[in-house]
Protein chains: 2
Amino acid sequence: MNIGDVSTRSGLPAKTIRYYEDIGLIKPHRSENGYRCFVEADLHKLAFLGRARALGFTIEECRLLMALYEDESRASGDVKQLALEHLRKIETKIADLQAMRETLTELVQCCAGDNRPDCPILKDLAGQTDLPEQGVKA
Amino acid sequence: MNIGDVSTRSGLPAKTIRYYEDIGLIKPHRSENGYRCFVEADLHKLAFLGRARALGFTIEECRLLMALYEDESRASGDVKQLALEHLRKIETKIADLQAMRETLTELVQCCAGDNRPDCPILKDLAGQTDLPEQGVKA
DNA sequence: CTTGACCTTCCCTTGACTGGAAGCCCCATA
DNA sequence: TATGGGGCTTCCAGTCAAGGGAAGGTCAAG
């Protein structure tokens with residue numbers, strides 16, 4: 001298999017596949033003409049990586065997960081711990097974004113959104129808050 | 001004011017303030033010795049930027065917001081539109097992260113997390129899903 | 001033989017900074 | 001007056017996970 005086929009079948013861009021080789025996540029063989037030559041196992045690894053990345057694991061976490069996957073004597077507890085740590089990071093991000101969403105939603109609701117220049121959103125950003133009985137939201 | 005004072009008062013690192021000057025968000029004067037010399041208006045702008053960034057606006061969005069802020073004849077509708085677009089992006093991100101969280105939570109719940117190698121998390125990543133009556137989650 | 005699709009490497013760009021090195025500047029203390 | 005320490009300057013490199021694009025080699029069809 002050439003990189004184009006692998007790209008199609010894995011759903012990963014060729015650029016990404018080359019990048020994953022660069023950083024040592026996969027090690028495809030080479031044909032005589034210098035083309036990368038992938039076997040099913042490579043495709044399988046790439047699919048694994050694609051799914052792990054889609055779940056938001058960083059590249060380094062993916063590297064660890066792959067190592068665990070290939071280690072027949074792994075402890076599932078190690079995998080679970082990695083997943084739990086990642087889960088906590090995701091939850092933190094969600095909370096941060098939700099806080100932003102709340103503040104923005106309030107600001108948007110307070111803004112007339114017409115042709116007049118008076119704008120509570122800008123006022124808030126400028127530090128002269130305009131919101132009705134709103135506590136400080138750091 | 002030197003950069004250190006502005007950094008303290010705005011809460012932004014000096015590095016960030018220099019960066020904001022580099023990309024043209026602020027234009028502090030210079031003292032004879034070459035030091036940046038900030039006035040209250042600069043501090044005010046930096047605080048504005050800090051708040052907008054904390055709400056997740058990109059630098060380019062901040063640039064637009066600042067321009068609107070300084071434009072006395074702006075229409076609040078323009079600001080509101082910018083905020084609404086940003087709000088939608090935030091909501092998309094939240095939804096993506098929530099999907100990750102759900103999948104990860106399920107996987108974590110299915111994993112014994114002990115010393116045995118059998119691990120539903122790895123199985124799922126490898127494409128051989130193991131979850132009880134679970135539809136495909138792309 | 002030529003065209004066009006595919007492949008290769010290489011380097012640059014992204015966003016929003018952060019870190020660090022090398023070198024002035026300024027003030028206080030010995 | 002020396003010197004020490006902190007603050008300031010610029011510039012360069014690195015982060016993360018790729019994406020863009022150039023220059024050139026390879027291959028199969030017409």
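Basis for what follows: all heavy atoms, side chains included, without hydrogens, waters or symmetry-related copies. Throughout, protein chains are lettered first and strands after them, A, B, ... in sequence-line order, and every chain is numbered starting at 1.
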Practice problem: Between protein and nucleotides 17-30 of chain D, map the contacts as a letter string: B base, S sugar-phosphate only, - none, heavy atoms under 4.0 Å, written 5' to 3'. | Solution: BBSBB---BBS---
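The distance between atom CD of A:Glu61 and atom P of D:dC16, rounded to the nearest whole Å, is 12 Å. Atom NZ of B:Lys89 is separated from atom C1' of C:dG15 by 13 Å (rounded to the nearest Å). Here the C1' atom of nucleotide C:dT8 and the CG atom of A:Asn2 are 11 Å apart, to the nearest Å. As rounded to whole Å, 7 Å separates atom P of D:dT10 from atom CD of B:Glu21. Between A:Asp5 atom CG and C:dC6 atom C1' the separation is 10 Å, expressed in whole Å. A:Arg18 has its CZ atom 12 Å from the P atom of C:dC10, to the nearest Å. In this structure, B:Ile23 places its CD1 atom 9 Å from C1' of C:dC17, rounding to the nearest Å. Spacing between atom CD1 of A:Ile17 and atom P of C:dT9 amounts to 13 Å, rounded to whole angstrom units.
Between atom CG of residue A:Leu65 and atom CZ of residue A:Phe48 there is a gap of 5.0 Å, rounded to the nearest 0.5 Å.
For the pair A:Arg9 (side chain) and A:Val6 (backbone), a donor-acceptor distance under 3.5 Å is absent.
Between B:Asp118 and B:Arg116, none of the side-chain N atoms (NZ, or NE/NH1/NH2) sits under 4.0 Å from a carboxylate O, so this pair counts as no salt bridge. We find that B:Arg88 and B:Glu85 are not joined by a salt bridge, their nearest charged nitrogen and carboxylate oxygen being 4.0 Å or further apart.
Remark: A:Lys89 NZ is packed, more than 12 non-hydrogen atoms of other residues, nucleotides or ligands lying under 6.0 Å away.
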Exercise. Before giving the answer on salt bridge (charged side-chain N to carboxylate O under 4.0 Å, His left out), spell out for A:Glu21 and A:Arg36 the whole-Å C-alpha distance, their side-chain angles and the decisive distance to 0.1 Å.
Key: CA-CA 10 Å; A:Glu21 184 188 12; A:Arg36 286 170 186 80; 2.4 Å; yes
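A sub-4.0 Å separation between OP1 or OP2 of D:dC16 and a side-chain N or O of A:Arg63 is absent. A close approach under 4.0 Å does not occur between any side-chain nitrogen or oxygen of B:Arg36 and OP1 or OP2 of D:dC8.
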